[in-house]
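Take a look at the structure below.
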Amino acid sequence: MQIGVLAMQGAFLEHIRSLEALGVKGIEIRKKNQLKEIDGLIIPGGESTTIGKLMIEFDLMDTVRSLVEDGMPVFGTCAGLVLLAQEIIESDQPRIGLMNAKARRNAFGRQIESFEVDLDIPVLGEDPFHAVFIRAPFLEEVNPPAEVLARFMDKTVLARQGNILAAAFHPELTNDLRLHRYFIELAK
Ligand code: GLN
């Protein structure tokens with residue numbers, strides 16, 4: 001099994017490390033032909049406007065979208081969550097746009113640029129998941145077939161729609177590998 005990590009910009013190396021800690025090969029994706037080799041794709045955190053623009057410049061946007069529509073598992077974290085949402089509040093930036101939800105960027109306010117909390121994520125078991133949020137978005141109006149997997153302060157911070165998984169936080173920045181493992185199980 002090989003999982004691609006979109007390597008346009010942002011925190012892609014940390015995801016590769018998390019995958020390798022689980023014994024899965026992670027491949028930095030920069031070219032369209034590399035998409036043929038992978039069983040799933042991670043879209044990392046970073047700046048969603050920059051990642052989206054570069055995806056168009058590198059001619060990856062349409063191919064990634066149609067692969068995800070055809071069932072390729074995709075996991076977006078932070079900026080990656082923004083890129084997966086159908087609607088991005090107050091923004092017309094480029095996006096993959098396949099999850100039936102609205103993303104609000106930098107949603108927790110400027111005063112709290114970053115913070116860490118223990119989240120209750122029932123699909124990962126009983127132990128809380130220590131989550132790192134950095135200028136994080138959240139999802140509003142999550143509608144079927146998308147479903148909420150975790151909330152913080154009443155806001156959706158983890159959601160799934162079939163083969164699409166989106167987290168507002170950065171699981172690649174902690175040693176808890178359960179969310180990456182959950183994604184790999186989706187990709188199997
Ligand atoms: N605020 C960024 C955006 O909306 C996301 C931040 C992050 O990925 N850490 O693109």
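Atoms within each ligand, like the ligands themselves, are counted from 1 in listed order. The model shown is predicted, which means the values in this text are computed figures rather than measured ones.
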Can you tell me if [X] uses its side chain to pair, donor with acceptor, with the backbone of [Y] under 3.5 Å?
| X | Y | result |
| --- | --- | --- |
| Asp39 | Ala187 | no |
| Arg178 | Leu124 | yes |
| Gln2 | Gly26 | no |
| Thr50 | Gly46 | no |
| Gln34 | Lys31 | yes |

Kindly state each residue pair satisfying ring-ring contact (aromatic ring centres under 6.0 Å, His included) with at least one member in residues 61-83, sequence neighbours excluded.
Phe75-His180, Phe75-Phe183

Which is closest to atom 5 (C) of ligand 1 by heavy-atom distance: Ala103, Gly45, Gly46, Pro137?
Gly46

Using a strict 4.0 Å cut-off to heavy atoms of Ser48, name the atoms of ligand 1 that fall inside it.
3 (C), 4 (O), 10 (O)

Any idea which protein heavy atom is nearest [atom], and the distance to it?
| atom | result |
| --- | --- |
| atom 4 (O) of ligand 1 | Arg105 NE, 2.7 Å |
| atom 1 (N) of ligand 1 | Asn106 OD1, 2.7 Å |
| atom 7 (C) of ligand 1 | Cys78 SG, 2.7 Å |

Short N or O distance, Val82 and ligand 1, threshold 3.5 Å exclusive:
no

Compute the shortest N/O to N/O distance between Arg135 and ligand 1 and return yes if it is under 3.5 Å, no if not.
yes

